[in-house]
Chemist: 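Pasting a structure below so you can have a look.
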There are 2 protein chains.
Amino acid sequence: MEIQLTQTEENYLKSIYSLELSSSKNVSTTLLAKKMKTKASSVTDMIKKLADKDFVDYKKYRGVSLTKGGNTIAVKIVRKHRLWEVFLVNKLEYSWDEVHEIAEQLEHIKSDTLIDKLEEFLEFPTHDPHGDPIPDKEGNIEHHKNIMLSSVKVENSCKIIGVKDSSSEFLKYLDSKNIHLGSIVKVISKEVFDNSITIEINKQLLSISHQISKNLFVKIL
Amino acid sequence: MEIQLTQTEENYLKSIYSLELSSSKNVSTTLLAKKMKTKASSVTDMIKKLADKDFVDYKKYRGVSLTKGGNTIAVKIVRKHRLWEVFLVNKLEYSWDEVHEIAEQLEHIKSDTLIDKLEEFLEFPTHDPHGDPIPDKEGNIEHHKNIMLSSVKVENSCKIIGVKDSSSEFLKYLDSKNIHLGSIVKVISKEVFDNSITIEINKQLLSISHQISKNLFVKIL
DNA sequence: CATAATTATTAGATTAGTCTAAATTTTTAT
DNA sequence: ATAAAAATTTAGACTAATCTAATAATTATG
Ligand SMILES: [Mn+2]
Ligand SMILES: [Mn+2]
Ligand SMILES: [Mn+2]
Ligand SMILES: [Mn+2]
């Protein structure tokens with residue numbers, strides 16, 4: 001007996017979840033409106049509805065935050081989204097820049113069993129094609145340490161473990177430079193004036209802008 | 001550049017398609033209302049909208065029929081539904097009585113490439129788990145010959161190739177009697193008063209009601 | 001701290017899909 | 001051929017999600 005939410009409600013919860021992750025303050029109406037590509041007035045209406053259903057805490061003019069129940073639902077949607085992305089890349093041979101839009105739809109499929117069966121079929125992946133962690137059945141999720149390539153010191157080596165920006169453009173850029181999850185990178189030098197860095201990757205030197213390096217999650221080796 | 005229909009519109013077109021298959025007359029408002037589990041007045045409204053968009057031909061009080069364009073869309077939905085059902089049964093190990101509801105949702109996922117990639121991943125199945133034919137990419141579909149087990153003469157043998165009723169109850173009944181697609185059946189005798197028949201299957205005799213036998217598609221051997 | 005700028009909420013419409021109840025048309029049966 | 005029954009459409013209302021324009025609250029700034 002699942003609580004039946006509309007796709008729209010689910011999307012709002014997911015957006016609030018992701019905005020909470022990156023700010024720790026209450027989520028503002030305007031920010032949520034931007035994320036949802038809608039108007040602030042629409043957001044206010046929806047927020048009231050979600051508050052009535054106890055998925056968010058809301059006080060007028062003070063933004064929203066997810067309740068325990070709201071968080072649980074948001075994490076479930078994230079889990080579904082990421083598992084479907086793994087399916088699309090690993091089984092259907094999509095590339096990592098093509099799967100997000102389809103997963104946005106698939107994440108709303110309702111079934112008590114489907115996603116667990118899918119997870120098993122995919123052999124319990126821990127991360128999605130963009131390096132984002134996949135919550136388990138109980139909703140536990142291991143968060144990134146959030147070390148960006150831009151903060152790695154000169155002479156240090158690291159492994160690319162995720163992308164912060166999952167836009168198709170960024171991912172295609174990475175493909176073109178042969179940078180992918182698991183790539184080993186050594187920082188050779190850093191320019192002070194624009195924060196661009198020179199890295200060694202695949203035995204070659206490559207110069208990348210700050211814009212790029214600050215969107216790559218790494219693990220220091 | 002696909003024409004974007006709502007899920008509801010797609011479901012109406014699919015229902016009209018299936019009702020047209022089983023009657024050859026125009027589809028009446030009442031019949032469509034029953035199929036869609038809605039009211040006749042709602043159907044009238046939707047029919048007008050679909051007629052405006054040229055997916056159906058409609059004259060007041062005279063029922064509807066699909067246009068070429070409407071038919072094309074309906075067949076696409078059927079294709080998606082059936083391929084997803086194959087995925088659920090063959091890859092995720094669902095049984096044939098569990099997949100319909102989930103496929104009802106999955107059939108509405110929009111993507112120009114997804115279903116063709118799925119079809120390839122499934123190795124181009126020709127029939128779904130209930131024996132229904134899967135339209136190809138171009139919308140070509142091979143229809144059943146529609147021979148029912150109930151019409152097979154005594155002493156004749158046949159192979160079960162499909163079910164007309166795909167309800168979970170019926171499918172579970174078949175499972176319990178170990179009747180499945182591909183089963184070879186010989187008609188031993190027929191009762192005149194209730195049309196029940198005795199068949200030989202799996203080297204055993206089994207008596208089945210008319211209700212059952214008229215819902216099984218067969219191929220005479 | 002007062003006023004301006006920004007942010008958020010409310011008021012009132014709109015669209016899709018649905019419903020009930022009333023009116024109309026078609027079909028069936030005398 | 002007419003009246004009764006059944007099917008269908010129309011009228012008017014409701015919910016979910018959205019929008020624009022107007023109002024109100026918060027915050028930033030001189
Ligand atoms: Mn994604
Ligand atoms: Mn992802
Ligand atoms: Mn089905
Ligand atoms: Mn089927």
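First the proteins, then the strands, lettered A, B, ... as listed; each starts at 1.
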Chemist: Using a cut-off of strictly less than 4.0 Å between a heavy atom of the residue and any atom of DNA chain D, enumerate the qualifying residues of residues 52-63 of chain B by number.
Modeler: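 Output list: B:Tyr58, B:Lys60, B:Tyr61.
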Chemist: Do other residues, nucleotides or ligands put more than 12 heavy atoms under 6.0 Å from the NZ atom of B:Lys214?
Modeler: yes
Chemist: Tell me, yes or no, whether the heavy-atom count around A:Lys117 atom NZ, taken from other residues, nucleotides or ligands under 6.0 Å, exceeds 12.
Modeler: yes
Chemist: Rounded to whole angstrom units, what separation is found between the CG atom of B:Leu32 and the P atom of D:dT9?
Modeler: 11 Å
Chemist: Figure out the CD1/P separation between A:Ile47 and C:dT7, and round it to whole Å.
Modeler: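 The distance from CD1 of A:Ile47 to P of C:dT7 comes to 15 Å, rounded to the nearest Å.
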Chemist: Please give, in whole Å, the distance from C:dT7 C1' to A:Lys25 NZ?
Modeler: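 Between C1' of C:dT7 and NZ of A:Lys25: 13 Å.
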Chemist: Applying ring-ring contact (aromatic ring centres under 6.0 Å, His included), name anything that partners A:Phe217, two or more places apart in sequence or on another chain.
Modeler: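 Partners of A:Phe217 under the ring-ring contact (aromatic ring centres under 6.0 Å, His included) test: A:His144.
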Chemist: Using a 6.0 Å cut-off, check whether atom NZ of A:Lys39 has over 12 heavy atoms from anything other than its own residue.
Modeler: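 No, because the 6.0 Å sphere around NZ of A:Lys39 holds 12 heavy atoms or fewer from other groups.
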Chemist: With a 4.5 Å limit on heavy-atom distance, are the side chains of A:Ile115 and A:Lys137 in contact?
Modeler: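 Not touching, per the 4.5 Å side-chain cut-off.
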Chemist: What is the distance, to the nearest angstrom, from the CG atom on B:Asn11 to the P atom on C:dT18?
Modeler: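 Nearest whole value for this atom pair: 9 Å.
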Chemist: Determine whether B:Trp84 and B:Ile102 make a side-chain contact, defined as any pair of heavy atoms from C-beta on separated by less than 4.5 Å.
Modeler: no
Chemist: Side-chain polar contacts of residues 54-65 of chain A - donor-acceptor pairs under 3.5 angstrom, sequence neighbours left out - could you list them?
Modeler:
none

Chemist: Where along residues 17-24 of chain B does a heavy atom fall under 4.0 Å from DNA chain D?
Modeler: none
Chemist: Do the numbers put A:Lys91 on top of the ring of A:Phe121, so that NZ or CZ is under 6.0 Å from the six-membered ring centre and no more than 45° off the axis?
Modeler: yes
Chemist: Do any pairs count as a side-chain hydrogen bond (donor to acceptor under 3.5 Å, both in side chains) and have a residue in residues 126-136 of chain B, sequence neighbours left out, and if so which ones?
Modeler: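 Residue pairs passing side-chain hydrogen bond (donor to acceptor under 3.5 Å, both in side chains), neighbours aside: B:Glu85-B:His130, B:Asp136-B:Asn140.
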Chemist: Provide the closest heavy-atom pair for A:Ser213 versus A:Met148 in the form atom of the first, atom of the second, distance.
Modeler: O-CB, 4.1 Å
Chemist: For a 4.5 angstrom cut-off between non-hydrogen side-chain atoms, does A:Leu13 reach A:Ile77?
Modeler: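 A:Leu13 vs A:Ile77: side chains apart.
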Chemist: Between the protein and nucleotides 18-21 of chain D, are there any N/O to N/O pairs under 3.5 Å, and if so, what are the atom names and distances?
Modeler:
residue : atom : partner : partner atom : Å
D:dT18  : OP2  : A:Tyr12 : OH           : 3.4
D:dC19  : OP2  : A:Thr38 : OG1          : 2.5
D:dC19  : OP2  : A:Lys39 : N            : 3.0
D:dC19  : OP2  : A:Ser42 : OG           : 2.8
D:dT20  : O4   : A:Ser41 : OG           : 2.9

Chemist: Find the distance B:Lys48:NZ to C:dT15:P and express it as a whole number of Å.
Modeler: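 It is 16 Å, rounded to the nearest whole Å.
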